[in-house]
Amino acid sequence: MADFKELNPLLHSQLRLAVISLLIGVEEAEFTYIKEKTGATAGNLSVQINKLKEAEYLEVVKSFKDNYPQTKCSITRKGVSAFEEYVNALQSYIDQKSKNV
Amino acid sequence: MAQQTFTETDSWNTIQEMIAHAKQEMRNDSFYFLLWGWLVLIASLAHFALLQTSYEHPYAVWILMIVGAGRTIYRSATTHKKQRVRTYVDKFIVNLWIAVSVGIVISLLAAGFVTGWQVAYPYLILLYGIGTFLSGTIFKFKPLIFGGIISWCIALVAFFVSFPIQLLLLALTVLVAYLIPGYLIKK
């Protein structure tokens with residue numbers, strides 16, 4: 001296992017990884033959009049987004065649109081770096097696996 | 001989405017799935033290409049036709065562009081309001097066409113006050129080519145890329161021909177760079 005870089009436990013969760021992967025390609029996205037694309041429940045998604053926000057991987061802006069609350073999420077620089085590191089670590093796992101096949 | 005045993009293969013699949021979702025959101029919006037394509041085509045051909053008659057103000061047809069500007073502002077404002085996700089591609093495309101529009105206005109002002117109309121339209125065609133080519137490269141849509149390249153060739157020719165012929169070349173430009181790709185995107 002010495003060759004493997006550790007996978008960031010915060011990102012090594014299906015929903016949190018899905019949120020970050022979705023946001024990496026866009027400038028910002030509404031909560032409802034992320035919910036629809038990940039297929040998660042509002043409650044679970046809200047919890048995971050908060051965890052990512054606490055780690056400063058996401059920026060969350062709450063506002064009102066046509067009198068309804070609106071939550072917009074965007075990835076931070078720290079989030080981008082964490083995702084890049086995660087993908088690189090993941091790549092090393094996959095490379096190692098293909099060598100062993 | 002379940003949380004249990006999440007392997008590195010699952011991670012990879014999740015990332016791929018999310019990339020696929022994001023790609024679907026790239027809206028190759030044909031509306032603006034068709035709107036401006038038809039308006040410029042009509043105006044340039046009408047200007048050419050009126051030049052052949054003794055009509056005093058043949059350039060008056062360009063007033064049609066105000067309709068285009070109004071419709072563009074209204075549509076982009078309403079679309080922006082409804083948008084649930086904003087991609088970097090969206091932002092780039094908007095800024096690109098703002099830059100092209102500013103370039104067009106500066107070319108027209110310079111032509112009106114300094115150099116004369118003879119050089120205005122070749123520069124417009126050149127700017128259309130830049131906008132179309134870059135839109136095509138970011139959307140990875142070949143008809144727009146070819147439309148942009150053809151526009152540049154037409155722009156080069158336009159510098160050497162008379163003003164009425166430039167109007168016909170402008171009509172040809174919007175046909176190949178706006179209308180044909182616009183209808184192909186719509187399909």
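Note on naming: letters A, B, ... go to the chains in the order of the sequence lines (proteins, then strands), and numbering restarts at 1 for each one. For clarity, every value in this text was computed on a predicted model and none was experimentally measured. These values consider heavy atoms only, across backbone and side chains, with no hydrogens, waters or symmetry-generated copies.
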**Message:** Can you confirm whether B/Tyr32 is buried at OH, in the sense that more than 12 heavy atoms of other residues, nucleotides or ligands lie under 6.0 Å from that atom?
**Reply:** yes
**Request:** Would you list the pairs meeting side chain to side chain donor-acceptor pair (under 3.5 Å) in which at least one residue belongs to residues 130-154 of chain B, sequence neighbours left out?
**Result:** B/Trp97-B/Ser135
**Request:** Supply the atom-to-atom distance A/Leu23 CG to B/Met18 CE, rounded to the nearest 0.5 angstrom.
**Result:** 10.5 Å
**Request:** Please test A/Leu90 against B/Ile15 for side-chain contact (heavy atoms from CB on, under 4.5 Å), starting from the C-alpha separation and ending with a verdict.
**Result:** CA-CA 11 Å; A/Leu90 198 59; B/Ile15 295 170; 3.9 Å; yes
**Message:** If only side-chain N and O atoms count, and only distance matters, is there a donor-acceptor pair under 3.5 Å linking A/Tyr93 with B/Thr9?
**Reply:** no
**Complete:** Heavy-atom closest pair (A/Ile24 atom, B/Tyr88 atom, distance to 0.1 Å) is O-CE1, 4.1 Å
**Item:** CD/B/Glu56: more than 12 non-hydrogen atoms of other groups inside 6.0 Å
**Value:** no
**Prompt:** Taking atom NZ of A/Lys72 and atom CZ of B/Arg84, what is their separation to the nearest 0.5 Å?
**Reply:** 12.0 Å
**Item:** Value rounded to 0.5 Å, distance of CG in B/Asp10 from CD in A/Gln14
**Value:** 6.5 Å
**Request:** Could you tell me whether B/Tyr123 atom OH has more than 12 heavy atoms of other residues or ligands within 6.0 Å of it?
**Result:** no
**Side chain to side chain, B/Gln83 and A/Glu30, heavy atoms closer than 4.5 Å** = no
**Asked** Got more than 12 heavy atoms from elsewhere within 6.0 Å of CD, A/Glu59?
**Response** no
**Item:** Nearest-0.5 Å distance, CG of residue A/Leu11 to OG of residue B/Ser11
**Value:** 9.0 Å
**Fill in**
Most heavy-atom pairs under 4.5 Å with chain B, out of A/Leu45, A/Val19, A/Thr32, belong to A/Thr32
**Proximity breakdown for A/Tyr86 and chain B, heavy-atom pairs closer than 4.5 Å** = side chain
**Request:** Please answer: with hydrophobic residues joined when any side-chain heavy atoms are less than 4.5 Å apart, are B/Phe160 and B/Val119 in the same cluster?
**Result:** yes
**Item:** Side-chain touch A/Leu15/B/Thr14, heavy atoms, less than 4.5 angstrom
**Value:** no
**Prompt:** Linking I/L/V/M/F/W/Y whenever their side-chain heavy atoms sit closer than 4.5 Å, directly or via other members, would A/Val60 and A/Leu10 fall into one cluster?
**Reply:** yes
**Asked** Cluster question for you: counting only ILVMFWY and a side-chain heavy-atom cut-off of under 4.5 Å, with indirect links fine, are B/Ile42 and B/Phe33 together?
**Response** yes
**Prompt:** Within a strict 4.5 Å, meaning less than it, do heavy atoms of the B/Trp12 and A/Gln91 side chains meet?
**Reply:** yes
